[in-house]
Number of protein chains: 2
Amino acid sequence: MFAEPATKLDNYAYAQRERLAYIDFRLQYQGSIARGELMEHFGTAVASGTRDFTLYRELAPENLVLRHENKRYYRTGHFKPLFPHDSQTALNTLAHGFGDGVTSPREVSGFCEDTPDLIAPPRDTLATLSRAISQGQAVKLIYISLSSGGSQRVIVPHSIVNNGQRWHVRGYCRKHSQFRDFVCTRITDIRIDHTEIAPAELQAADTEWNQQLTLELVPHPGHDHPKAIALDFNMDRADTSSQTTQPVRRVAIRAARACYLLRHWNVDCSSDHRLPAYEYHLWLRNHETLKQCSNAVLAPGYATERRGSPMNTKVSR
Amino acid sequence: MFAEPATKLDNYAYAQRERLAYIDFRLQYQGSIARGELMEHFGTAVASGTRDFTLYRELAPENLVLRHENKRYYRTGHFKPLFPHDSQTALNTLAHGFGDGVTSPREVSGFCEDTPDLIAPPRDTLATLSRAISQGQAVKLIYISLSSGGSQRVIVPHSIVNNGQRWHVRGYCRKHSQFRDFVCTRITDIRIDHTEIAPAELQAADTEWNQQLTLELVPHPGHDHPKAIALDFNMDRADTSSQTTQPVRRVAIRAARACYLLRHWNVDCSSDHRLPAYEYHLWLRNHETLKQCSNAVLAPGYATERRGSPMNTKVSR
DNA sequence: AATGTAGCAATCATTTTGATTCTTTCTTCA
DNA sequence: TGAAGAAAGAATCAAAATGATTGCTACATT
């Protein structure tokens, strides 16, 4: 898959690998790179820039060629990436810039835009939560709930999760004596609470968090072009668990997170796939697995058929 | 805001800044860091590790303290970050690891989980699109559309965008002679097409892309706790454009992207905010601005009142 | 044809990093 | 209780990486 065995690259120092990776990335996703651009990004001198390209050329001579007309290196047709850039990471780099986003100002590609971020949690809230989790501490905070307004609570957080729309913190709420999700932006006045943590408040005791479900997503039976949906979600035809060859995408996910995913992807979770195929491209074939989710009210089409009362159930949208 | 002026840090080399930033980040978001952890992350030796902590201590003596009991540095109460970690970047780092994700394997925090990624575009598709855009080239591809199945097209792409759920590529479609969005995962057999590009096919000619709208998002009038919504979306009370003091969040966004955002955030776009407040926390106050969007059918509650026919409009969901 | 730019290569100076040794502080365990 | 061990700091010298400089080449611009 890669032009050189990974062990070869391990011989080089972190900083050297980083510069090689930068060349590699630019060639693969931009098609060309000039020595001056490498130098500018890392703040290095010309001698270093030349050496870096020389080294890259030794490692992957087929990957690039210098065009003297404009003095830029161009990717060749035989390009084999030296580093594995998975597409999620690549998109993040294109949209937000190369590097860690801290060390130096990130230069963005200009043609790649991520989702506008309407509700990043405040820095201090995030930092305090993150430290509390790392150090096994409780936090005291004011939480503005949609249903009951603001109130003070003590929470033992154990995870920070993105539900597709918002960042939540999950933890044990001492006010309600159960594990819950809290929307990070609804937290104010947070601080570390130096009290003893009981075993029942730890992540290990959060059964819905620790239980893994496997969701079986299939193209919505009401849809005209199931193949397009199957391609979209990279579904597998090798469905060994049944006699059919219906394409299916199995997704392993924590029970506590399953319903957020189903809602984010507009998955019809009714037993008889009765929701409109136009809006719902997917159907949850094994909808009975949601019995294990206390927030199943979030799953489209699931709660209504059981006559649940959404308004009385506490879930963090 | 920061303990030292940024100019001070500019004196240090990229690699040195990176190690300082790592210490800074770990203190802020984990609360502690050991010398060995720094060494392991960057693959450096003990002497270097000691020097890095010595330097960090010189730059920000109040930020950390060594506890001899367990030989770890701990963040103090007077901590002032040396580097600006915005919360979006911090969350990305916590969920996916420190660094660029390429140079060395990323060590993830273990307690922060991003949205499960169901449909990352294939690497080659993304790389080809990205290069074509960078170099101003057209691409020839097979596109599997939901309505008409697969067909070959030539496209002049100019941007890659995340609509909240999927990654799209936007560009001029020669088959339909207009700018359109294409879902990346529905693309197969892509390759560079070496044909001339006309001015009308360039990004500059994409009026919907280049036109900026300002969306005025307000808490849904039917909601019981508008203050909670206002906090959630960090709304501003200083609404100088009207006599009221109703909190509002103004979002500047390209016309071509506006409706995706409105759908992603479940914004009621009807003129009389008639959609249920339980599902729709926000209302688009200046809904008339959507007249400028050809894909307004995506905006919840907007198209229906104009008796549009969603099924006949080509938009990439 | 002259000039400028940005690439390569080689050399030597400078800076950064590694290896080694010795010390300190606190934990662990016999 | 006291000795061993682990992981930090500090200092020194060696090794490696980087910077500065010079001379060269290919091409674009004028």
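Chain letters run A, B, ... following the sequence lines, proteins first, then strands; residues in each count from 1. Just so it is clear, the structure is predicted and the values come from calculations on it, not from any experiment.
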Determine: side-chain N/O of [X] to OP1/OP2 of [N], distance under 4.0 Å, yes or no.
| X | N | answer |
| --- | --- | --- |
| B:Thr50 | D:dG9 | yes |
| B:Thr54 | D:dA10 | yes |
| A:Arg67 | C:dG7 | no |

Output the rounded distance in Å from [atom1] ([X]) to [atom2] ([N]).
| X | N | atom1 | atom2 | value |
| --- | --- | --- | --- | --- |
| B:Gln16 | C:dG18 | CD | P | 11 Å |
| B:Asn70 | C:dC26 | CG | C1' | 10 Å |
| A:Tyr12 | D:dA15 | OH | C1' | 17 Å |
| B:Leu38 | C:dT17 | CG | P | 11 Å |
| B:Asp52 | C:dT16 | CG | P | 12 Å |
| A:Phe53 | C:dA6 | CZ | P | 14 Å |
| A:Arg35 | D:dT25 | CZ | C1' | 13 Å |
| B:His68 | C:dT24 | NE2 | C1' | 7 Å |

Practice problem: Assign A:Ala34 to base, sugar-phosphate, or nothing according to its heavy-atom contacts below 4.0 angstrom with the strands shown. | Solution: sugar-phosphate
Quiz item: How is B:Gly36 classified with respect to the nucleic acid when contacts are heavy atoms under 4.0 Å: base, sugar-phosphate, or nothing?
Solution: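 Since only primed, P, OP1 and OP2 atoms lie under 4.0 Å of B:Gly36, the category is sugar-phosphate.
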Quiz item: Which of parallel (below 30°), tilted (30 to 60°) and perpendicular (above 60°) describes B:Tyr22 and B:His41?
Solution: parallel
Quiz item: Closer to the 5' end of DNA chain D via nearest nucleotide, is it B:Arg51 or A:Lys71?
Solution: B:Arg51
Quiz prompt | First of A:Thr44 and A:Glu69 reached from the 5' end of DNA chain D, by closest nucleotide | solution =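 Its nearest nucleotide being more 5', the pick is A:Thr44.
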Quiz item: Looking at side-chain heavy atoms only, is the closest gap between B:Arg257 and B:Arg170 below 4.5 Å?
Solution: no
Practice problem: Could you tell me which residues satisfy side chain to side chain contact (heavy atoms under 4.5 Å, CB included) with B:Val65, sequence neighbours excluded, listed by chain and number? | Solution: B:Tyr74, B:Thr76
Practice problem: Give the nucleotide from the list C:dG7, D:dG9, C:dA19 with an atom nearest to the side chain of B:Arg57. | Solution: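 From the listed options, D:dG9 comes nearest.
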Quiz item: If you check the A:Ala45 side chain, which of D:dT21, D:dA8, D:dG19 turns out closest?
Solution: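 Out of D:dT21, D:dA8, D:dG19, the nucleotide with an atom closest to A:Ala45's side chain is D:dG19.
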Self-check item: Non-hydrogen atoms of B:Tyr73 and B:Leu27 that approach each other most closely
Solution: O-CD2, 4.0 Å
Quiz item: Taking B:Asp24 for the side chain and B:Leu82 for the main chain, is one N or O donor matched with an acceptor at less than 3.5 Å?
Solution: yes
